[in-house]
Amino acid sequence: MYLSLQNRLVAHVRAFLKQKYEIDLTNIVVEQPPKIEFGEFALPVSFELARTLRKAPRKIADEIVAEMTLPEGFAKFEVAGAGYINARLDRTAAAAMVAGGVKNEAAEARGKVLVEHTSINPNKAAHIGHLRNSILGDTLVRLLRAAGYKVDVQNYIDNTGVQVADVVVGFERMAKKSKEEIEALIAGSEGRFDFYCWDLYARVSQWYEADKANLQARRDTLHLLEVGGNETAEIAQKISMAVLRRHLETMQRLDIEYDFLPQESDILHLHFWARAFELLKEAGVLYFEEEGKNKGCWVMTRPGNVKDEGAEAGPDEDAKVIVRSNGTVGYVGKDIAYHMWKFGLLGLDFGYRKFYEYADGRPVWISCDPKDGEAGAPHFGGVGAIYNVIDARQSDPQETVKQAILLMGHEAEAARYTHFSYEMVALTPRCAMELGYAVSEEDQQRSYIEVSGRKGFGVKADDLLDKLIEAAKSEVDARHAELSEEERREIATQIAIGALRYFMLKFTKQSVIAFDFREALSFEGETGPYVQYAVVRASNIFRKAGVDPEDALKAAIAADAFAGNDDLWSLWLAAGQTAKVIEQCIASTEPAALTKHAFQLAQQFNNFYHKHHILTEEDAGRKALLLATAAVVRKELIATMAVMGIPAPAVM
RNA sequence: GGGAGCGUAGCUCAGUUGGAUAGAGCAUCUGCCUUCUAAGCAGAGGGUCGCAGGUUCGAGUCCUGCCGCUCCUACCA
């Protein structure tokens, strides 16, 4: 509602200014006044016009208000302060829009985009840092879908990298496990093979540190994985696919799903890089360095590092090496090939086969050789816009890939290449010590310590979720003894998901999260359960009243329902802003605003809940209005929570 | 050295493309459960928005310079 009316207002004002002053303002600022008494919209446009018109802002505002007609749905314009133009809505009409769920016209049938997130190295259990990635990514997917985009969700599988090689080294050289023993371990491990790998991976890192000569095992293994067609590569694939399955299961617990899993091994074996290399050379994006420290490498000029015209100071030592002097390609090169495929610029494609299936029967597809692909499989890639949810430490390589695409002349694609960058999740020193890790004196002085899969230092995603469910379960047990064990567990799980997803979303993405159990396990204050609880309270009213919330929304609203009732109206106004918040979140690629919206709405509702006792209201008309208010807030809260992937429990 | 980001209440953080009196949560203190469930509500205290200049009708927000912290910058991935 709010967004539609705001767009209508802006268009109206713009047309008026054009006609009255012959000024075409393309960016008319609209704010929400600090207090509801001032109206629903505030236009500081007079301040901006003051200079060009050489008049006092207040005078301009007076002129505009005196002459401008009211757009549909608006009740009044008035001048306030030093020259603000405040606009008041026809509250009854606007409320009908909220209750009727008027669609955001701009959100009709937008194009197809691709979101890549998660992309955890398949060699160990997912930890809290990965959770932030997946929750941000999944929320971005939900935001885009809510705004009318078609979205393909990809989870990139680096199954031939150093990290997988390391854990393979662990199995072959340290644990001395045969292929059969590893298979038995995958089948056993009580469904937590990734936990076994977590510990083994940490041991391998220690083994390397103990004797640098052990690093030769990594190099040999990495080579075997890249070449393929040997037993080590087979073992690696078994391990990485088993860990990948665990990752999918972990994320499924949080209602996070994927469409396609491209594997790095296929990018290698299908020669994506060879094709990309040709195209990059043809376009002159890569050049062969003849001298300096990068002699013998194929390199690329860094973004913003254009060569000076006059000063010929030898080789560009700052250039990014894409192909090493021994002829092997680094991972950025493979990434460039992969991203050319994403945009459909490579002229090659994967084959597709089913890998995993969700409860509703929807499959997750994985890449393969096209000759092994399933008939009738969908095709991925070749989209117009992409979002890569990758942490801030990878900004540099992400820029390099984007730059390569730009330099090849694909300006439109480069412009729609979004690196959704976010900061890491770290542990507070106190949390690290509680978990039993040794923390140096120096680290104890820091506000946070980076988690490290390599060192086995961190909180595993499944462990955190288990802990949250356990904490929520004891609360539910205490409050709902009448429910079955199964029902209580179901509700505790929903609360845990709400708490976790909200926690990961409430910080803006560029802020480092210093993880602490006390905060993460909190169900009070600005948390997911607080928002869920507001919905439960609203639902309780309808259950006890024996009224369907959908029917409550259909009740006719009296013309004077909101006259002199700012508190009630501000609740409707807040509820009508969901579409606007979603658009803002997409435009700024910042989902944190969603949590703010949900929290404020829940907070206002709790206030309303406390102030008005609906079931005992005797005036039938007033009772209907209060019920409609509860229904509209409930509806918008559930919708907002759904975009955040937070379920609405039946009771709490 | 170069690049990116951060610095706002005791703590953790919000603060839209510059706008009306800088906001939440936690913690502390004071009240409120025979009521639609207190995972809640009401209230109190707590701020030189890192420092110094500048731009303008107006700066937490933009520019410049400092101070402090973090990450990135390897023929690792």
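In what follows, chains are A, B, ... by sequence order, proteins preceding strands, each numbered from 1.
Remark: K506(A) is not in phosphate contact with A24(B), judged by side-chain N or O atoms under 4.0 Å from OP1 or OP2. OP1 or OP2 of A24(B) has not a single side-chain nitrogen or oxygen of K596(A) nearer than 4.0 Å. Within the 4.0 Å cut-off from OP1 or OP2 of C36(B), not a single side-chain nitrogen or oxygen of Y533(A) is found. In terms of phosphate contacts, N540(A) brings a side-chain nitrogen or oxygen within less than 4.0 Å of OP1 or OP2 of U37(B). The phosphate of A39(B) has OP1 or OP2 within less than 4.0 Å of a side-chain N or O from R479(A). Between R537(A) and A38(B) there is a side-chain N or O to OP1 or OP2 distance below 4.0 Å. A sub-4.0 Å separation between OP1 or OP2 of G25(B) and a side-chain N or O of Q603(A) is present.
Relative ring orientation between F599(A) and Y530(A) is described as tilted, the plane-to-plane angle lying within the 30° to 60° band. Using cut-offs of 30° and 60° for the angle between ring planes, the H612(A) and F608(A) rings count as tilted. Under the 30°/60° scheme for interplanar angles, the aromatic rings of H339(A) and Y417(A) are found to be tilted.
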Quiz item: After noting the C-alpha distance and the side-chain angles of N540(A) and R537(A), does the key distance pass the side chain to side chain donor-acceptor pair (under 3.5 Å) rule?
Solution: CA-CA 5 Å; N540(A) 285 345; R537(A) 284 179 139 183; over 6 Å; no
Self-check item: D396(A) vs R302(A), salt bridge (charged side-chain N to carboxylate O under 4.0 Å, His left out): CA-CA, chis, key distance, verdict
Solution: CA-CA 9 Å; D396(A) 197 65; R302(A) 272 179 200 278; 3.1 Å; yes
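Between C11(B) and U48(B), the distance separating the two P atoms is 12 Å to the nearest Å. Straight-line distance between the P atoms of A42(B) and C33(B): roughly 16 Å, to the nearest whole Å. Atom C1' of G23(B) sits at a distance of 38 Å from the matching atom of U34(B), rounded to the whole Å. Of the C1' atoms belonging to G47(B) and C13(B), the separation is 15 Å, rounded to the nearest Å. The separation of C63(B) from C69(B), taken at their C1' atoms, amounts to 23 Å, rounded to a whole angstrom. C41(B) and U35(B) are spaced 14 Å apart, taking the C1' atom of each and rounding to whole Å. Straight-line distance between the P atoms of U21(B) and U64(B): roughly 29 Å, to the nearest whole Å. A24(B) and C66(B) have their P atoms separated by 37 Å, with the value rounded to a whole Å.
Looking at the side chain of R302(A), the nearest of the listed nucleotides A74(B), G40(B), C75(B) is A74(B). Between A39(B), C71(B), C41(B), one nucleotide has an atom nearer to the side chain of R446(A) than all others, and that is C71(B). Side-chain proximity of N86(A) to A20(B), C71(B), G5(B): nearest is A20(B). Distance from the side chain of F507(A) is smallest to U12(B) among A39(B), U12(B), A24(B).
Rounded to whole Å, atom P of A39(B) lies 22 Å from atom CZ of F503(A). Distance CZ (R454(A)) to P (C76(B)): 14 Å, rounded to an integer number of Å. Between E399(A) atom CD and G5(B) atom P the separation is 11 Å, expressed in whole Å. Here the C1' atom of nucleotide A20(B) and the CZ atom of R58(A) are 13 Å apart, to the nearest Å. Atom-to-atom, CG of D158(A) to P of C76(B) comes out at 15 Å; the value is rounded to the nearest Å. As a whole-Å value, the separation of E37(A) CD from U21(B) P is 15 Å. One interatomic measurement links the two molecules: OH of Y609(A) to P of A39(B), which rounds to 10 Å at whole-angstrom precision.
Pair assignment for C66(B) gives G50(B), based on Watson-Crick or G-U wobble hydrogen-bonding distances that are each under 3.5 Å. Checking G60(B) for Watson-Crick or G-U wobble geometry (two distances, each under 3.5 Å) identifies no partner in any strand. Under the Watson-Crick and G-U wobble criteria, each requiring two contacts below 3.5 Å, nucleotide C71(B) is paired to G3(B). Base pairing annotation: G31(B) forms a Watson-Crick or G-U wobble pair with C41(B), both donor-acceptor distances under 3.5 Å.
Side-chain contact of D166(A) with Y208(A): a donor-acceptor pair under 3.5 Å is present, judged by distance alone. For N606(A) and Y533(A), the side-chain atoms include no donor-acceptor pair closer than 3.5 Å.
Taking a centre distance below 5.5 Å and an interplanar angle below 30 degrees as the stacking criterion, F38(A) stacks against the six-membered base ring of A20(B).
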